[in-house]
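Contents: one structure, followed by commentary.
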Amino acid sequence: MTRAERAEAVCQILARTYPDAHCELDYTNPLELLIATILSAQCTDKRVNIVTKDLFRTCHTAADYVALPQEQLEDFIKTAGFYRSKAKNIKACCQGLVEKHGGDVPRTMDDLTALAGVGRKTANVVLGNAYDINIGVVVDTHVQRLSARLGLTKHADPVKIEQDLMKLVPQDKWTLFSHWLIWHGRRRCYARKPDCPGCELKEICPSAGKVKK
DNA sequence: CTCCCGATAT
DNA sequence: ATATCAGGAG
């Protein structure tokens with residue numbers, strides 16, 4: 001089985017396994033998704049959603065975040081971890097939104113990654129989910145881990161992994177594909193102790209039963 | 001490369 | 001006790 005054939009099989013099986021796969025961060029507009037995604041670094045979506053429930057009641061526009069004192073913002077997001085750098089980045093990011101984009105969330109990779117706290121992963125999440133723009137594949141910790149286990153890449157660098165995945169998956173499925181891998185990573189292919197015996201991909205996964213520790 | 005950091009599962 | 005969680009900046 002070639003790598004391309006395996007990628008196609010992964011898509012087919014996971015599409016059937018997770019027909020309602022979607023972004024599990026809570027948001028009602030592009031700005032909320034941007035803030036939630038910045039907060040999601042090294043933190044569970046569940047925790048981010050607890051934090052944003054209160055935060056989004058207070059802040060509705062980019063200008064609201066700029067006006068909110070850093071210390072108050074830190075109190076809102078404290079339990080999500082990295083709270084000092086995240087608070088600093090959110091304020092600087094929103095300042096950029098106000099100054100360069102009239103308070104709106106931009107729709108290009110370059111404009112998004114120019115914002116504080118926004119890297120390629122966060123930009124791809126916003127573009128794919130808030131704007132339905134498929135310019136790349138979201139490569140987070142789950143996509144990185146599963147791509148390696150499934151033999152879809154031999155690289156460790158997220159940018160190179162993304163390039164490999166873009167060649168293996170049709171562009172119109174890029175956003176869905178990342179959701180499939182993330183859902184599978186959360187529900188079956190755990191980082192620490194993957195459930196290979198119960199895995200829907202065990203027949204085609206080169207790592208099935210071989211993950212140590 | 002290191003640092004940022006609290007919550008949770010093992 | 002330790003690994004991990006929708007990473008990014010310096």
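Here C:dG7 presents its C1' atom at 9 Å from CG of A:Asp140, a figure rounded to the nearest Å. Following rounding to the nearest Å, A:Met109 (CE) and C:dG8 (P) show an atom-to-atom distance of 10 Å. B:dC1 atom P lies 11 Å from atom CG of A:Asp157, rounded to whole Å. Taking atom CD1 on A:Ile35 and atom P on C:dA6, their separation rounds to 19 Å, with Å as the unit.
Between A:Ile50 and A:Ser85, the residue anchored nearer the 5' end of DNA chain B, judged by the nucleotide with its closest heavy atom, is A:Ser85. In this structure, A:Thr37 and A:Asn89 both approach DNA chain C, and ranking their closest nucleotides by distance from the 5' end singles out A:Thr37. Position along DNA chain B of the nearest nucleotide to A:Gly81 versus A:Lys193 favours A:Gly81 as the more 5'-ward residue.
When the nucleotides C:dA6, B:dT8, C:dT4 are ranked by their closest atom to the side chain of A:Ala191, C:dT4 comes out on top. Set against C:dA6, C:dG7, B:dT10, the side chain of A:Gln42 has C:dG7 as its closest nucleotide. The side chain of A:Thr122 sits closest to C:dG8 out of C:dG8, C:dA6, B:dC4. Considering only side-chain atoms of A:Arg84, the nucleotide from C:dT4, B:dC5, B:dA7 that sits closest is B:dC5. The listed nucleotides are C:dT2, C:dA6, B:dA7; the one nearest the side chain of A:Arg192 is C:dT2.
Contact annotation for A:Val138: base contact, defined as any heavy-atom pair under 4.0 Å involving a base atom. No contact: A:Ile38 has no heavy atom under 4.0 Å from any strand.
Salt-bridge check for A:Arg188 with A:Asp195: passed, with a basic side-chain N closer than 4.0 Å to an acidic carboxylate O. Under the 4.0 Å criterion applied to side-chain N and carboxylate O atoms, A:Arg120 and A:Glu162 are assigned as salt-bridge partners. Using a cutoff of 4.0 Å between basic side-chain nitrogens and carboxylate oxygens, A:Arg57 and A:Glu32 are not scored as salt-bridged. Under the 4.0 Å criterion applied to side-chain N and carboxylate O atoms, A:Lys100 and A:Asp111 are not assigned as salt-bridge partners.
Nucleotides B:dA7 and C:dG8, compared at atom P, are 22 Å apart to the nearest Å. One C1' atom belongs to B:dT2, the other to C:dA6, and the distance between them is 22 Å to the nearest Å.
The ring of A:Phe82 lies on top of the base of B:dC4, close enough and flat enough: under 5.5 Å between centres, under 30° between planes.
Regarding contacts with the backbone of C:dC5, every side-chain N or O of A:Arg186 stays at 4.0 angstrom or more from both OP1 and OP2. Considering only side-chain N and O atoms, A:Thr44 lies nowhere under 4.0 angstrom from the phosphate OP1 or OP2 of B:dA7. For A:Arg120, no side-chain nitrogen or oxygen approaches OP1 or OP2 of C:dG8 to under 4.0 Å.
When the side-chain contact (heavy atoms from CB on, under 4.5 Å) test is applied to A:Lys46, the partners found at least two apart in sequence or on another chain are A:Thr44.
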